Amino acid sequence: MTDSQTPSAHVRLTDVHKSFGKTEVLRGISMSVARSEIVCLIGPSGSGKSTILRCINALTPTNTGSIKVDGIEVTDAKLDALALRRKVGMVFQSYNLFPHRTALQNIMMAPIQVLGEPRREVEVRARELLAKVRLEGKENAYPGELSGGQQQRVAIARALCMNPEVMMFDEVTAALDPEMVKEVLNTIRDVARDGMTCILVTHEMRFAREVANRIHFTDKGRIVESNTPQEFFDHPQDERTQAFLDKVL
Amino acid sequence: MSALTDVFAPGSAFATLLPWLPLVIKGFGLNLLISALSMVLGLLLGVLLGGMQMAQTGVIRWPARFLTLFFRNSPWLVIMFYVMFLLPFEIHLASFLVRIPDWIKAVLALTIPVGGYVSEIVRGGLKSVPTTQWEAAGALAFGPVSTLLKIILPQAVRQMLPPTMNLYCSVVMATSLANIVGVQEVMTITQTILSTETRPGLILPAYGLTLVLFFAYVFPISLLARRLERVWQFGAH
């Protein structure tokens with residue numbers, strides 16, 4: 001992995017190991033993501049893709065190895081997790097909106113309560129973001145009144161309102177009906193085009209091919225192939241990649 | 001019509017009980033005072049125990065778990081007797097001699113099972129909020145305390161309020177246990193009336209009156225609890 005040595009990396013993982021009990025989920029993950037780069041993690045389920053994302057924002061502690069996000073060492077015992085998470089936004093497969101708050105309140109809560117920004121400024125930004133994810137008019141809707149696709153777009157706006165430097169998307173379309181997948185992917189495409197550093201775990205192969213600068217294929221806790229989308233899909237090198245692509249394409 | 005006038009006729013059960021009514025209501029007032037105080041103290045105890053039950057460390061969790069199960073599974077009447085005879089009649093505070101009235105002991109006795117039940121309600125309420133809510137809040141840089149206060153508790157309280165109101169209904173009814181240890185609450189007063197009045201056939205109307213008092217107070221609360229349960233079960237708001 002020569003690219004993990006690149007000095008300009010925005011996010012860099014070096015030989016990261018993680019076990020849950022006796023199960024080794026990550027067996028030496030090294031990768032680096034440059035500023036404004038769009039990276040997709042693809043691989044069979046249980047191969048550790050989501051765990052990689054959760055390690056990057058310290059939701060899951062690692063066993064060994066190093067993770068650096070914009071100069072912050074995530075594996076540091078004295079890590080300021082909150083400072084890290086202000087830089088890294090995350091969107092989950094199951095949306096995880098706060099059900100007791102409206103769409104607008106969901107978006108405004110963290111910037112006001114965590115960053116201490118003035119309510120008026122946050123509200124302006126939150127309304128802009130809602131418009132950006134094409135949900136004008138849904139400001140006062142509760143999550144329970146929104147479709148899955150709409151909830152997921154609110155979740156993306158909620159993460160964006162923290163003005164993160166890196167956005168992570170963890171299989172964000174996996175729980176959606178097919179007709180809602182497109183609207184969420186369009187939203188992510190917009191975010192990627194704005195120059196945000198993005199790390200996506202996804203099963204949407206066509207989308208990965210279209211937006212990604214680089215694709216990492218994971219299998220059994222290792223990255224077995226890293227390449228540009230073109231090379232990855234047209235000339236897969238590793239036989240595990242070939243077998244996987246044969247199944248899903 | 002004649003049946004109705006019979007009820008109010010001089011010498012009828014109603015006419016005999018009427019002069020006692022202010023005393024009966026005053027006794028019932030003591031029941032409400034006992035129920036309210038033991039509920040407040042029980043809530044404090046229960047929130048403490050329930051929070052401890054959710055602790056990561058076993059040293060905190062296991063004693064709380066044990067006490068909760070012990071308090072919940074002991075008969076209220078047995079606890080009442082224990083507290084009555086365990087607590088001294090008076091205690092020394094500095095140089096003062098403070099008497100502990102029996103009704104205060106009844107409050108403390110009821111506090112114990114209420115604490116146990118509230119502890120389980122709190123635990124259940126906190127557990128009813130999916131762990132993904134903790135993660136989502138964490139990913140937005142909320143710390144553990146503000147996650148609990150701003151995101152988890154507001155959702156958990158909706159789960160906890162209806163069973164807490166039902167518990168309060170049980171506590172109100174359980175205050176009648178205090179009559180066995182001589183507290184001048186409504187049941188004790190009813191017994192006094194019955195032993196004073198010589199008119200036969202007064203037992204059922206007299207106890208019927210206390211029944212009506214309890215029912216009139218408890219029923220609306222339990223109705224409200226049921227309504228909240230229905231409303232909050234579906235909508236998120």
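Chain identifiers are assigned alphabetically (A, B, ...) following the order of the sequence lines, protein sequences preceding nucleic acid strands; residue numbering begins at 1 within each chain. Source: prediction; values computed, not measured.
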Next item on the list: Mind listing the closest non-hydrogen atom pair of A:F92 and A:V172 along with its distance?
Entry: O-CG1, 4.0 Å
Notebook entry, point to check: Salt bridge between A:E128 and A:K132, side-chain N to carboxylate O under 4.0 Å?
Noted result: no
Notebook entry, point to check: In terms of heavy-atom proximity below 4.5 Å to chain B, should A:L84 be classed as side chain, backbone, both, or neither?
Noted result: neither
Note to self: I'd like to know which of A:L115, A:V88, A:L97 tops the heavy-atom pair count under 4.5 Å against chain B.
What the structure shows: A:L97
Note to self: Please tell me whether A:T102 and A:E139 have a donor and an acceptor in their side chains that are separated by less than 3.5 angstrom.
What the structure shows: no
Note to self: Which atoms of A:M109 are under 4.5 Å from chain B, going by heavy atoms: the side chain, the backbone, both sets, or neither?
What the structure shows: both
Checklist line | A:F98, part contacting chain B, at a heavy-atom distance under 4.5 Å | finding: both
Next item on the list: Heavy-atom distances under 4.5 Å only: say whether A:R158 touches chain B with side chain, backbone, both or neither.
Entry: both
Check: Checking heavy atoms, do the side chain of B:S146, its backbone, both or neither come under 4.5 Å from chain A?
Finding: neither
Check: What do the steps show when you test B:E120 against B:T68 for side-chain hydrogen bond (donor to acceptor under 3.5 Å, both in side chains), and what is the final call?
Finding: CA-CA 7 Å; B:E120 281 296 84; B:T68 300; 5.2 Å; no
Item checked: Sole residue of A:R86, A:R85, A:K87 in salt bridge (Lys or Arg N to Asp or Glu O under 4.0 Å) with A:E165 -> A:K87
Note to self: Using side-chain contact (heavy atoms from CB on, under 4.5 Å), reason through A:E37 and A:H10 one step at a time and then give a plain yes or no.
What the structure shows: CA-CA 9 Å; A:E37 197 179 15; A:H10 200 183; over 6 Å; no
Check: What part of A:V91 lies closer than 4.5 angstrom to a heavy atom of chain B: side chain, backbone, both or neither?
Finding: neither
